[in-house]
Amino acid sequence: MGAQAPGDGVRVGVLALQGDVREHAEALRAVGAVPVPVRRASELASVDGLILPGGESTAIAHLLRVFELMEPLRAAIADGLPVLGTCAGMILLSDTIADPAVVRGREQESIGGLGVTVRRNAFGRQVDSFEQDLELAAWGASLPGPSSVRAVFIRAPRIEEVGEGVSVLATVDGHPVAVAQGHLVATSFHPESAGETALHSWLAAAAGERAAGRVA
Ligand code: GLN
């Protein structure tokens, strides 16, 4: 019998309102976790980790209100749910959006939890999308580092300010593009588009620990 990895068989949600849900589900399966599409509060309550995928943060924030998920998500994050936010997901996880979109007179909201200020579409129009190899610093026991990841940036946000307790795992042009704070990890780029699974593996392990703590 093979050794059981901490994240084996653990239920990890992927917020499935808009964005690249399928690639994240595949990456979770590749690391032994069970991906669960999350569209309602009952589904959120059934998982021990969550991915906020890339897509369009204004659309996702609007749908979070429509599906009545904004407050349950804030409560789950405050309760220690491990979350990985990628691209638009990083924007949603950030406490402050430097340039929130204004839709019908209302400023775009974030879920918050991660002590950073983020700027949307910050890598400039001339390079809307690019790919590069990044060295990701180690994070906890389950994200051994430094590890090299292929990072895909698509109209990517950039972190402008990092609060206390936030670790920077990687930078591009001196700007943080991967950060971690306790049970929250966020990247400006899409790890799933290049088939990278190091961050999913961290999330599955963190979710496994939470599941074990709940049962004990
Ligand atoms: N620019 C998008 C936003 O503001 C994010 C793009 C992405 O997730 N690839 O939400």
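We count ligands from 1, going down the list as the structure has it; atoms in each ligand are counted the same way. Along the sequence shown, residues are numbered consecutively beginning with 1. It should be emphasised that the depicted structure is a prediction, and the values quoted were computed from it without experimental measurement.
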Plane angle bin for F153 and F130 - parallel if under 30°, tilted between 30 and 60°, otherwise perpendicular: parallel
Interfacing atoms of ligand 1 (cut-off 4.0 Å, heavy-atom, [X]):
| X | answer |
| --- | --- |
| R155 | 1 (N), 2 (C), 5 (C), 6 (C) |
| I91 | 3 (C), 4 (O), 10 (O) |
| S57 | 3 (C), 4 (O), 10 (O) |

Taking both backbone and side-chain atoms of [X], is any N or O found less than 3.5 Å from an N or O belonging to ligand 1?
| X | value |
| --- | --- |
| T58 | no |
| N121 | yes |
| I154 | yes |

CZ/R65: more than 12 non-hydrogen atoms of other groups inside 6.0 Å: yes
Heavy-atom neighbours of D173 CG exceed 12 at 6.0 Å: no
Candidates L50, V36, L52, L28 - the one meeting side chain to side chain contact (heavy atoms under 4.5 Å, CB included) with V14: L28
For G54 against C87, the heavy-atom pair lying closest together: CA-CB, 4.1 Å
P53 versus D20, closest heavy-atom pair with distance: CB-OD1, 3.3 Å
Residue part near ligand 1, for R120, under 4.0 Å between non-hydrogen atoms: side chain
Proximity of T86 to ligand 1 by residue part, where a heavy atom lies under 4.0 Å: neither
Salt bridge present between E160 and R119 (N-O < 4.0 angstrom): yes
Protein contact of atom 7 (C) of ligand 1 - nearest heavy atom, named by residue and atom, plus distance: C87 SG, 2.7 Å
G55, G54, G89: member with heavy atom nearest to atom 2 (C) of ligand 1: G55
